[in-house]
Amino acid sequence: MLQIVGVYTMEKQNFRPKEAAEFLGVGLSTIWMYVKQGKIKTTKLSERVTIIQRKELEIFMGGAA
């Protein structure tokens, strides 16, 4: 019988800014500075919800998306 152990078997693809800061090892204010400088692109889901896609973080870090 197949048993599902975890729901998060795939890598996370979208991050809230706080999660992106933890992912990159920087502070939240640094994430917003990078966004303001155009170094990281964000997506607005609503007026109060912003996400950053994994591919944008990988591009910022110089990795392949």
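The basis for the numbers below is simple: all heavy atoms, side chains too, and nothing from hydrogens, waters or symmetry mates. Keep in mind that what you see is a predicted model, and the values were worked out from it rather than measured.
- Closest approach of K44 and E47 over heavy atoms only: NZ-O, 2.8 Å.
- No continuous path of hydrophobic side-chain contacts links F23 to V49 [ILVMFWY only; heavy atoms under 4.5 Å].
- For the atom pair OG1 (T50) and CG (N14), the distance works out to 12.0 Å, reported to the nearest 0.5 Å.
- Looking at Q53, its side chain never comes within 3.5 Å of a backbone N or O of I51 through a donor-acceptor pair.
- Under a cut-off of 6.0 angstrom, the local environment of NZ in K36 is sparse, with at most 12 non-hydrogen atoms contributed by other residues, nucleotides or ligands.
- Between the OH atom in Y34 and the CG atom in L57 there is a gap of 11.5 Å [rounded to 0.5 Å].
- In this structure, A20 and I52 approach most closely via the heavy-atom pair CB-CD1, 3.9 Å.
- Heavy-atom minimum distance, K39 versus F60: O-CD1, 3.7 Å.
- Cluster annotation: L28 is connected to I40 through the hydrophobic network of ILVMFWY side chains, with a link wherever side-chain heavy atoms come within less than 4.5 Å.
- The line from OG1 of T43 to CG of L45 is 7.0 Å long, rounded to the nearest 0.5 Å.
- Scanning both residues, K12 and E19, for their nearest heavy atoms gives CE-OE1, 3.3 Å.
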